[in-house]
Amino acid sequence: MPDEVAFFYIIRSLDKGFSDFYHARMVPAISHISAARFWLSCGQRDIPRHFLDSSSSGKECPLSADCLDAARSAFSIEQNEPLHFLVSRQNNRRILEGAVSHSINGELPPRSILGYSAGAKIGIVSPEISFMQMACLLSRIDAIRYGSALCGRFAVPADTGKLPARKPLTNVHDIRKHLEASPRMSGRKQASAVLPYIIENTRSPREIDVALFCHSQLEREALDCLALQSTKASD
């Protein structure tokens, strides 16, 4: 595995330890670790384009093994990987082999779920929601890296060391809007804390790491300067 993309594979160890989230009428949506893997690796042509209404009054589509197989195929999720998905209520959760379900106990903001067609029976949480979900599961630095990757101009396919170019999936402004519209969302506090450090429009993971290193060096130099000034003042 190339060193340049190694840090993206940290999410492969995060297949447990999740909590329940919100309540809203919605189609089941790929979420958490499964959504994060998809968003990191999808190319420009693979990005879902249709926003699915997460507050619709329609009846939620029941989950089944066939539904999950279709989701794996649509969102390129391997059969040997646990599939994480979000449903609207605790009683809509299902025990299905190879799948982990999460429910929600509040309201998702508009434009939170995407699908490949307007009438899709299963969707995927938006990059903004994915960032909030992962912010409470990753370390601070890796949450910044993940957010920067979502705002970057490259994809990280799992089966190659190449970094195909793509347009940013989101940006700091749109993430902030989702944070403001999701006051009860788990991960909001952690996401808000790292949002100022997200770097937009990078073209590789290494560029993100270099920018973070430079930022940390500048912060350290600024603190040293303040400490020196304080020492001189006390003298």
Using side-chain heavy atoms (C-beta onward) and a distance below 4.5 Å, is [X] in contact with [Y]?
X: V156; Y: S41; result: no
X: R153; Y: P168; result: yes
X: P109; Y: E180; result: no
X: T170; Y: C151; result: yes
X: P205; Y: L163; result: yes
X: I141; Y: Y197; result: no
X: P48; Y: I124; result: yes

State the [atom1]-[atom2] distance between [X] and [Y], to the nearest 0.5 angstrom.
X: C136; Y: R188; atom1: SG; atom2: CZ; value: 13.5 Å
X: I175; Y: S182; atom1: CD1; atom2: OG; value: 12.0 Å
X: E207; Y: F154; atom1: CD; atom2: CZ; value: 8.0 Å
X: S192; Y: L179; atom1: OG; atom2: CG; value: 4.5 Å

Of all heavy-atom pairs linking W39 and S126, the shortest is NE1-C, 3.9 Å
Scanning both residues in full, the closest heavy-atom pair of S34 with I77 reads CB-CD1, 4.2 Å
With sequence neighbours excluded, tell me which residues meet ring pair (Phe, Tyr, Trp, His ring centres under 6.0 Å) with F38.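 For F38, the residues satisfying ring pair (Phe, Tyr, Trp, His ring centres under 6.0 Å) (neighbours in sequence not counted) are F75.
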Check this for me, if you would: do D209 and R206 make a salt bridge, where the nitrogen-to-carboxylate-oxygen distance has to be below 4.0 angstrom?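 Salt bridge flag = no for R206 with D209.
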Applying the side chain to side chain contact (heavy atoms under 4.5 Å, CB included) test to S112, which of E128, H178, M132 qualifies? H178
Residues, nucleotides or ligands: over 12 heavy atoms within 6.0 Å of R45 CZ: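 No, because the 6.0 Å sphere around CZ of R45 holds 12 heavy atoms or fewer from other groups.
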